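To start, the structure under review is shown below, and the notes come after it.
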There are 2 protein chains.
Amino acid sequence: MSPAHRSRLLTHITADLVVLTIRSGQLHVLVVERDNEPFAGQLALPGGFLRGDETLDRTAARELREETGMDPGSLHLEQVGVYSDPDRDPRVRRVITCSYLAIAPNLPVPTAGSDAREARWVTVARLLAPRARLAFDHKRILADAVERAREKLQFSTVATAFCDAEFTIGDLREVYEAVWGVELDRPNFHRKVTDADGFVVSTGRKRTSAGGRPASLYRAGDAETISPPMMRTPRARK
Amino acid sequence: MSPAHRSRLLTHITADLVVLTIRSGQLHVLVVERDNEPFAGQLALPGGFLRGDETLDRTAARELREETGMDPGSLHLEQVGVYSDPDRDPRVRRVITCSYLAIAPNLPVPTAGSDAREARWVTVARLLAPRARLAFDHKRILADAVERAREKLQFSTVATAFCDAEFTIGDLREVYEAVWGVELDRPNFHRKVTDADGFVVSTGRKRTSAGGRPASLYRAGDAETISPPMMRTPRARK
DNA sequence: ACCGTAGGTGTCAGATCGACAATCAGGGAT
DNA sequence: ATCCCTGATTGTCGATCTGACACCTACGGT
């Protein structure tokens, strides 16, 4: 082992959060501005250290509440991957992180969190742009989590996690369009989603928004997977 | 924090391997018999501690070579998940592990590994049976990795990682049948696989084995995903 | 009353699927 | 040499799914 690493046998472990939501048709992620070195002033994903008596899942849930004021019980939260490059954190103690993907509906305004740092929504497109910078290896972590979300939309029903408890098929379609960056055929999407077993359940109600016929309201069904899967058909962006 | 955990702020990190292969139509996993406490004498997944100067991916690759004598460069190796229950390891130092799924063709006899402990293949079915026991939380880790493998067969081309460099469509079909525990329709499987873009590439050669018409040999194609996916059709087991 | 907009249904041709018949090409037995 | 058994591979067909797109519905706004 090289001398540079001899002093780093003690490792700390963190959970970092990639909290995604859709705002006005764009995929957004929650970021905080760092107060301290390293990377002070730069944007980073929210996250924090594992405590001695908790699992990483609990760390992720706790940080979600502490840093963003959101309720971990109410939204989709799943482990994505571990990042363990010895040099990913320049501090003396080596830090390994486990990333979590969280999916939230639009409603909550995160900055309202209690002891939250300056947390805010930024479009994923902006943070993944070639010249964009994030602290540590968070750009990579973000990219991996977004890719995970894109894949999961195809085969699972997580898309409903982006919506409120009651939503229209149009809302759901906007989720797919925002996350995949494609435009989907309305009629076909409607049929596929309503025909799929356990994806959406009709409540009797309707919602009448500005312009257009009132849309039926649905809530998420029991199913976790969709078969056959939703297909990501490449067509020109809106 | 409770006193019981106060002394466990220092954590060690391991990589554990779920090495899968197919032997005579059955899905097998590589296990070792533990020499030391805890769980001495019990079966466990191979794995080992992260070193100060390496990533977890490198730890997994190194342990694969050291404990099983296999060449990590030649087989599929992917991170699956992190297991961080504070009580998952009864030792004083808390141990968090990251599991890796490795997929190997049948050929290598693992016990031939250099400084390998007693390593051997056991059917997954046997280890996942209700009354079966594995050290630590390795039963859960195994179950999760196998489930990951099952899912990946649907949408990706990893099934070829179970085969030798050159293989027949029948070999590939046996992989699906063993991992999914179903019987697939030969003609339809053949068509689907050969029609899928970049899944398999025909070498000119043929292999003539005992009984039956000689089968054309293929090698893995460039594609990593299959679209449309392979469908797991439930039919009676052989 | 008319228009714009978005929700939702109908239709149709082409692709895919699952089932299964039929044909091909070896080895082994007679 | 011939027949039989086994698995590989090709054909066929009806049921289903998909993607494109016409068309009808029901609101708010003007």
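These numbers come from a predicted model, not from an experiment. Sequence lines set the chain letters: A, B, ... in the order given, protein chains first and strands last, and positions in each chain run from 1.
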Quiz item: With respect to the phosphate group of C:dG8, does any side-chain polar atom (N or O) of A:His190 fall under 4.0 Å of OP1 or OP2?
Solution: yes
Quiz prompt | Separation of atom CG in B:Asp185 from atom P in D:dA8, rounded to whole Å | solution = 13 Å
Quiz prompt | Heavy atoms from other residues, nucleotides or ligands near CG of A:Asp197 exceed 12 (cutoff 6.0 Å) | solution = no
Practice problem: Would you please say whether a donor-acceptor pair under 3.5 Å links the side chains of B:Asp16 and B:Tyr83? | Solution: no
Quiz item: Rounded to whole angstrom units, what separation is found between the NZ atom of B:Lys192 and the P atom of C:dT16?
Solution: 9 Å
Quiz item: D:dT9 P sits how many Å from B:Arg186 CZ, rounded?
Solution: 11 Å
Practice problem: Round to the nearest Å and state the distance from B:Ile169 atom CD1 to D:dT9 atom P. | Solution: 7 Å
Practice problem: Would you kindly give the CZ-to-P distance between B:Phe167 and D:dG7, to the nearest whole Å? | Solution: 20 Å
Quiz item: How many Å lie between CZ on B:Arg232 and P on C:dG18, as a whole number?
Solution: 14 Å
Exercise. On DNA chain C, check which nucleotide each of B:Gly212 and A:Leu217 is closest to and give me the residue with the more 5' one.
Key: A:Leu217
Quiz prompt | Nucleotide nearest A:Arg173 (side chain, heavy atoms from C-beta), chosen from C:dG26, C:dG7, C:dA21 | solution = C:dG7
Quiz item: Base, sugar-phosphate, or nothing: which does B:Arg207 touch, judged by heavy atoms less than 4.0 Å apart?
Solution: nothing
Quiz item: What is the distance, rounded to the nearest whole Å, between atom CG of A:Asp195 and atom C1' of C:dT9?
Solution: 12 Å
Quiz item: Given that B:Asn188 and B:Pro214 both sit by DNA chain C, which one's nearest nucleotide is further toward the 5' end?
Solution: B:Asn188
Quiz item: Are A:Asp85 and A:Arg140 within salt-bridge range, i.e. N to O under 4.0 Å?
Solution: no
Quiz item: Under 30°, 30 to 60°, or over 60°: which ring-plane class applies to A:Tyr176 and A:Trp180, parallel, tilted or perpendicular?
Solution: perpendicular
Exercise. In whole angstrom, give the distance that lies between atom NZ of B:Lys206 and atom P of C:dC24.
Key: 14 Å
Quiz prompt | Sugar-phosphate, base or nothing in reach of B:Thr168, heavy atoms under 4.0 Å | solution = nothing
Quiz item: If each of B:Arg191 and B:Gly170 is mapped to the nucleotide of DNA chain D with the nearest heavy atom, which maps nearer the 5' terminus, i.e. the 5' end?
Solution: B:Gly170
